[in-house]
Amino acid sequence: MTLEAVPSPLPSATAALVTELARSAAESDGVHPLSEHTLLHLDGEHPGDVHVLAYAGEPGTSDLAGYAALGPDGSAELVVAPQYRRQGFGTSLLRVLLDHGGSKLAVWAHGRLPGSDQLAARLGLEVTRELYFLRRPTAPLAEPAWPSSITVRTFVPGEDDAAWLAVNAAAFAHHPEQGGWTQADMADRLQQPWFDPAGFFLAVDSTGAVAGFHWTKVHEDEGDGPYGEVYVVGVSPDQQGSGLGKALTLQGVRHLQEDRGLASVVLYVDGTNTAARALYEKLGFTTAALDVQFAPKSL
Ligand SMILES: CC(=O)SCCNC(=O)CCNC(=O)[C@H](O)C(C)(C)COP(=O)(O)OP(=O)(O)OC[C@H]1O[C@@H](n2cnc3c(N)ncnc32)[C@H](O)[C@@H]1OP(=O)(O)O
Ligand SMILES: N[C@@H](CS)C(=O)N[C@H]1[C@@H](O[C@@H]2[C@H](O)[C@H](O)[C@@H](O)[C@H](O)[C@H]2O)O[C@H](CO)[C@@H](O)[C@@H]1O
């Protein structure tokens, strides 16, 4: 076993090995081990990112047994190839993450698969965050009821970027990742094949200011048939409690099931987000899976 910590950028040949390793694990586990953010950061230079590579044999060969990603904020993910499990690769990768991330480390366990709790406990980590994965099969939905003076339109790339970033930052000021999105984070996603401005809704007030948004996403080529996602819904704090979030959510889900003909819609929501969870439960979403983050136990 050989491990090496590599600062971004990752050589493209190595990135391809990591992508294949993640695909193999997802096929075996039924859960993707790496998030959209980590996959986007496999390519290109992202200052502060660290890639940890675990080789069964010599470094630099194609015999990649495991991979871990560590961001400058301490968020991390790790995956061991199915054929290399129970051989200590996960423990070794997690030790390197702890060496580099220290007390800031917050490592995801998507789907909280068997072994993740045991591995975390062995190295003194505890669950510090729960992220619920909800699903709603296509079913009739009410028309959106827009608050007075609010109209809805779709996002115009290159024109609405700054306004969206400002409302997103305000709506998610207390969110560990979403509120900190930059123009670069947005641009990464606008360039993705799944991006569709027709599925990105902006609620604007009588002055034309953006009061809220619902950005939808369609997942294709992920094994099962295509499905939609409530990718992110946000309402400006001064507009919250007026029915806008419900109207925006309805607008996007109706678009996914009626305009895009998708059989189901999913979404992710933090366990502590009582307002959003209440809204989605009311609209018929139910829990399909749970992701957790582990962090070093507080002393
Ligand atoms: C998939 C995702 O994007 S998850 C992330 C969702 N976005 C965020 O968390 C960003 C910060 N929060 C927000 O932007 C808003 O609070 C939202 C989007 C969660 C809700 O938007 P709002 O406009 O406030 O919701 P709205 O007024 O439409 O209320 C709809 C329902 O949500 C629930 N709800 C809203 N606020 C609360 C609250 N503070 N406590 C409990 N339930 C609440 C209620 O069930 C409400 O139904 P009601 O009509 O019976 O009151
Ligand atoms: N509802 C959103 C904004 S608050 C949310 O909670 N996003 C999470 C979620 O993101 C998903 C993840 O990146 C998946 O890999 C990707 O396929 C989905 O499209 C994303 O919505 O999980 C992330 C952790 O894995 C988390 O950082 C986001 O905040």
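From a predicted model like this one, the values you see are computed outputs, not experimental measurements. Count residues from 1 along the sequence. One-based numbering, in listed order, for ligands and for the atoms of each.
- Look at Leu267 and you'll find every heavy atom at least 4.0 Å from all atoms of ligand 2.
- For the residue pair Tyr231/Arg189, the side-chain donor-acceptor check at 3.5 Å is satisfied.
- The closest side-chain donor-acceptor pair between Tyr280 and Asn273, if any, does not fall under 3.5 angstrom.
- Closest heavy-atom approach to atom 9 (C) of ligand 2 within the set Tyr280, Tyr268, Tyr132: this belongs to Tyr268.
- Around the CZ atom of Arg95, the shell of radius 6.0 Å holds no more than 12 heavy atoms that belong to other residues, nucleotides or ligands.
- A donor-acceptor contact under 3.5 angstrom links the side chains of Asp238 and Ser236, judged on distance only.
- Atoms of ligand 2 found under 4.0 Å from any heavy atom of Lys217, numbered from 1 in the order shown, are 16 (C), 17 (O), 18 (C), 19 (O).
- Atoms of ligand 2 lying under 4.0 Å from any heavy atom of Gln178, numbered from 1 in the order shown and given with element: 3 (C).
- For the pair Asp291 and ligand 2, the shortest N or O to N or O distance does not fall below 3.5 Å.
- Here's the thing with Glu36: one of its N/O atoms is less than 3.5 angstrom from an N/O atom of ligand 2.
- Heavy-atom distances between His32 and ligand 2 stay at or above 4.0 Å for every pair.
- Under a cut-off of 6.0 angstrom, the local environment of CD in Glu27 is sparse, with at most 12 non-hydrogen atoms contributed by other residues, nucleotides or ligands.
- Remark: ligand 2 atoms within the under-4.0 Å shell around heavy atoms of His175 are 4 (S), 29 (O).
- Atoms of ligand 2 lying under 4.0 Å from any heavy atom of His219, numbered from 1 in the order shown and given with element: 17 (O), 19 (O).
- Taking the six-membered ring wherever Trp is involved, the centroid distance between the rings of Phe155 and Trp164 does not fall below 6.0 Å.
- At a threshold of 4.0 Å, the pair Glu281-Arg277 does not count as salt-bridged, since none of the basic side-chain nitrogens sits closer than that to a carboxylate oxygen.
- Counting heavy atoms closer than 4.0 Å to ligand 2, residue Tyr231 contributes atoms from both its backbone and its side chain.
- In this structure, a donor-acceptor pair under 3.5 Å is present between the side chains of His110 and Glu77.
- Within the listing of ligand 2, atoms 26 (C), 27 (O), 28 (C), 29 (O) sit less than 4.0 angstrom from a heavy atom of Glu177.
- Considering backbone and side-chain atoms alike, Trp108 places every N or O at 3.5 Å or more from each N or O of ligand 2.
- Annotation: Arg254, atom CZ; neighbour count of heavy atoms from other residues, nucleotides and ligands within 6.0 Å is above 12.
- Between Glu229 and ligand 2, at least one N/O pair is under 3.5 Å apart.
- Of all atoms in ligand 2, numbered sequentially from 1 with element shown, those under 4.0 Å from a heavy atom of Ser35 are 13 (O), 15 (O), 25 (O).
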